[in-house]
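Here is the structure we will look at.
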Amino acid sequence: MRLKVYMMLTLVVLFVQVLVLNNLSISPLVAPTVYIVLLLMMPIESSQWKMLGIGLILGVVMDLCMGTAGLNTIVTLPIAIARRPLLFALSGMSPMSKEEGIPTIKRLGVRFHRYFIVMVVLHSILFYCVEWLSFDNIGVLMLRILCSTLCSLLLDYIIITLFMKRLSA
């Protein structure tokens with residue numbers, strides 16, 4: 001059952017990212033990325049290798065759809081690798097615990113928000129620093145990171161709210 005929900009979540013997120021957000025011109029400072037939610041909502045017990053494979057596939061698919069020549073892949077791989085250690089560090093769970101399931105608000109409480117916000121902020125910082133490739137105009141870069149992160153967080157929380165019950169079942 002969970003596989004069907006993940007497939008539906010993947011299709012919705014890719015549709016929103018590729019067909020809506022990439023073609024929406026809100027401001028030069030706002031370019032939300034919601035595809036990262038696919039990595040963050042993977043089961044807790046997912047191995048590092050599985051996360052790395054999913055991160056690679058997700059990054060390549062986003063690069064092909066967005067025409068970004070490796071930008072998404074370069075940014076998604078470190079997020080996929082850091083996900084599990086940061087999940088345990090930010091949620092207070094022990095890596096030795098046999099915790100299974102989806103990281104949800106119900107399961108982690110306030111710690112879920114800490115995990116989710118840190119991961120989205122980390123993704124935004126990596127994404128825009130790699131995209132910018134310069135610190136010449138750091139004020140604009142920081143403003144772009146801030147605006148895009150806030151917009152991404154809002155949209156990610158909407159997506160998570162829509163799929164949380166189905167993923168937890």
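Residue numbers start at 1 and run along the sequence shown. Every value quoted in this text rests on a predicted model; they were computed, and no experiment measured them.
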Atom pairs and distances, side-chain donor-acceptor, residues 30-41, under 3.5 Å, sequence neighbours left out:
residue, atom, partner, partner atom, Å
Y35, OH, N72, OD1, 2.5
Y35, OH, H123, NE2, 3.2

Using modelled atom types only, decide if a donor and an acceptor are shared between the side chain of [X] and the backbone of [Y] within a distance under 3.5 Å.
X: T149; Y: I145; value: yes
X: D63; Y: T73; value: yes
X: R114; Y: L90; value: yes
X: R111; Y: L108; value: yes

Looking at every heavy atom in both [X] and [Y], which two are closest together, and how far apart are they?
X: M62; Y: L14; value: SD-CD2, 3.3 Å
X: M51; Y: S46; value: SD-CB, 3.7 Å
X: C147; Y: L29; value: CB-O, 3.6 Å

ILVMFWY cluster membership beyond L52 - transitive side-chain contacts under 4.5 angstrom:
W49, L56, V60, L64, L77, I81
Measuring only between side-chain heavy atoms, which start at C-beta, is L141 closer than 4.5 Å to N137?
no
Sub-4.5 Å side-chain heavy-atom contact between F116 and L153
yes
Plane angle bin for H113 and Y157 - parallel if under 30°, tilted between 30 and 60°, otherwise perpendicular
tilted
